[in-house]
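Letters A, B, ... are given to chains in the order of the sequence lines, protein chains preceding strands, and every chain is numbered from 1.
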Amino acid sequence: MVSSSSSSSSGGGVGGGSPQLAVKKGPWTTAEDAILIEYVRKHGEGNWNAVQKNCGLLRCGKSCRLRWANHLRPNLKKGAFTPEEEKTIIDLHARLGNKWARMANKLSGRTDNEIKNYWNTRVKETPTRRFTDLP
DNA sequence: AATTACTACAACCGCGTGAAG
DNA sequence: TCTTCACGCGGTTGTAGTAAT
């Protein structure tokens with residue numbers, strides 16, 4: 001069912017589908033990061049639920065995928081968006097709407113979450129402040 | 001120096017889609 | 001052909017840090 005991914009895999013909370021496997025939530029530790037990196041190095045991306053099963057990582061597959069995509073991927077570009085990237089985001093948003101993953105595809109090194117946060121906190125909320133810099 | 005408000009970032013939850021059995 | 005499982009996307013919420021009063 002649809003709810004299986006939320007209730008069983010991700011749990012929809014702590015210990016959702018598998019009573020024996022408590023799912024940890026909250027900030028990731030460096031140890032957890034290391035486990036995830038090692039897993040992806042060996043098995044590649046995908047099968048995120050297998051990380052929990054094979055490595056004993058107390059995180060749902062959903063959380064693992066997000067962590068990898070947003071912080072652990074080797075080609076990630078960290079730091080502030082450049083003016084050129086800003087312009088690209090605005091242009092892509094005008095064309096695609098809230099299709100953050102599509103935008104992330106165009107902006108290599110940037111993640112959908114990063115773009116989404118950027119748009120919601122800096123572009124969408126304060127367009128005048130950002131682009132006209134009115135006092 | 002202390003308190004309050006605002007901004008930015010990270011993570012979680014729920015829904016939808018696709019693939020496999 | 002139908003049912004179930006897993007993955008990915010988008011939206012929302014919470015926490016931390018910084019600045020201003």
Side-chain angles (χ1 to χ4, degrees):
Chain A
M1 303 302 186
V2 175
S3 59
S4 64
S5 62
S6 298
S7 300
S8 297
S9 299
S10 59
V14 178
S18 303
Q20 295 178 335
L21 293 175
V23 180
K24 182 181 176 183
K25 295 194 290 186
W28 279 66
T29 65
T30 52
E32 290 173 322
D33 284 347
I35 292 171
L36 184 56
I37 291 168
E38 186 64 21
Y39 175 84
V40 175
R41 187 177 299 170
K42 288 181 179 178
H43 303 280
E45 297 183 42
N47 292 320
W48 297 111
N49 286 326
V51 181
Q52 184 184 27
K53 294 175 183 175
N54 296 339
C55 303
L57 193 62
L58 301 180
R59 296 282 184 170
C60 65
K62 195 182 288 189
S63 186
C64 292
R65 189 192 67 80
L66 198 68
R67 183 64 180 177
W68 175 257
N70 291 333
H71 297 280
L72 304 178
R73 257 166 41 185
N75 60 339
L76 271 183
K77 190 189 295 182
K78 303 296 282 187
F81 284 88
T82 66
E84 187 178 344
E85 286 174 322
E86 283 186 10
K87 191 175 179 180
T88 303
I89 291 169
I90 293 166
D91 181 58
L92 288 171
H93 189 271
R95 297 165 184 266
L96 303 173
N98 293 355
K99 300 300 180 183
W100 312 115
R102 300 286 180 272
M103 295 187 210
N105 247 340
K106 302 289 183 183
L107 291 166
S108 60
R110 298 296 186 181
T111 69
D112 56 345
N113 206 38
E114 196 78 20
I115 296 168
K116 180 170 55 179
N117 280 329
Y118 179 77
W119 180 265
N120 286 332
T121 59
R122 304 183 70 170
V123 180
K124 179 184 176 181
E125 298 296 334
T126 59
T128 53
R129 184 186 306 177
R130 188 66 191 170
F131 298 111
T132 64
D133 197 31
L134 293 172

Check your understanding: So what does A:Arg67 hit on the nucleic acid, given a heavy-atom distance under 4.0 Å: a base, only sugar-phosphate, or nothing?
Key -> sugar-phosphate
N/O-N/O pairs, protein side and nucleotides 11-13 of chain C side, under 3.5 Å:
| unit_1 | atom_1 | unit_2 | atom_2 | d |
| --- | --- | --- | --- | --- |
| C:dG11 | OP1 | A:Asn98 | ND2 | 3.1 |
| C:dG11 | OP2 | A:Trp100 | NE1 | 2.8 |
| C:dG11 | N7 | A:Lys116 | NZ | 2.4 |
| C:dG11 | O6 | A:Lys116 | NZ | 3.1 |

Point to revise | Phosphate contact (B:dC12 OP1 or OP2) by A:Ser63 side-chain N/O below 4.0 Å | key: yes
Check your understanding: Should the heavy atoms of other residues, nucleotides or ligands under 6.0 Å from NZ of A:Lys42 be counted, would the total exceed 12?
Key -> no
Review point. What is the distance from CG of A:Leu36 to P of B:dA11, rounded to the nearest Å?
Key: 12 Å
Check your understanding: Between A:Asn49 (CG) and C:dT4 (C1'), how many Å, whole number?
Key -> 14 Å
Check your understanding: Among all residues two or more places apart in sequence or in another chain, which pass the side-chain contact (heavy atoms from CB on, under 4.5 Å) test with A:Asn47?
Key -> A:Tyr39, A:Ala50
Study note, to complete from the structure: From CZ of A:Arg110 across to P of B:dA10 the rounded distance in Å is 11 Å
Review point. Over how many whole Å does the gap from A:Arg65 atom CZ to C:dG10 atom C1' extend?
Key: 11 Å
Review point. Which residues pass the salt bridge (Lys or Arg N to Asp or Glu O under 4.0 Å) test with A:Glu114, sequence neighbours left out?
Key: none
If you look only at distance, which donor and acceptor atoms sit under 3.5 Å apart when one is on a side chain in residues 70-77 of chain A and the other is two or more places apart or in another chain?
| unit_1 | atom_1 | unit_2 | atom_2 | d |
| --- | --- | --- | --- | --- |
| A:Asn70 | OD1 | A:Thr111 | OG1 | 3.2 |
| A:Asn70 | ND2 | A:Leu66 | O | 3.3 |
| A:Lys77 | NZ | A:Glu85 | OE2 | 3.2 |

Check your understanding: Side-chain N or O of A:Trp48 less than 4.0 angstrom from OP1 or OP2 on C:dG8?
Key -> yes
Practice item. Mind checking side-chain contact (heavy atoms from CB on, under 4.5 Å) for A:Thr30 and listing every partner two or more places apart, or none if nothing turns up? Key: none
Exercise for review: Let me know the distance between CD of A:Glu114 and P of B:dC9, rounded to the nearest Å.
Suggested key: 6 Å
Study note, to complete from the structure: By salt bridge (Lys or Arg N to Asp or Glu O under 4.0 Å), A:Arg102 pairs with (sequence neighbours left out) none
Exercise for review: Please check the phosphate of B:dC9 (OP1 and OP2 only) for any side-chain N or O of A:His71 closer than 4.0 Å.
Suggested key: no
Review point. If you check every side-chain atom of A:Ala101, which of B:dA10, C:dG10, B:dA8 has the closest atom?
Key: C:dG10
Exercise for review: Grab the CG-P distance between A:Asp112 and B:dA11 for me, whole Å please.
Suggested key: 14 Å
**Study point:** Integer-rounded Å distance: C:dC7 P and A:Lys53 NZ
**Key:** 9 Å
Study note, to complete from the structure: Side-chain contact check for A:Thr121: nearest option of B:dC12, C:dC9, B:dA8 is B:dA8
Check your understanding: With a 3.5 Å cut-off and just heavy-atom distances, do the side chain of A:Lys62 and the base of B:dG14 make a donor-acceptor pair?
Key -> yes
Practice item. Return the value, rounded to whole Å, for the distance between atom CD of A:Glu45 and atom P of C:dA6. Key: 19 Å
**Study point:** Parallel, tilted or perpendicular, as decided by the 30° and 60° cut-offs, for the rings of A:Trp119 and A:His93
**Key:** parallel
Exercise for review: For B:dC12, take OP1 and OP2 only and decide whether either is under 4.0 Å from a side-chain N or O of A:Arg59.
Suggested key: yes
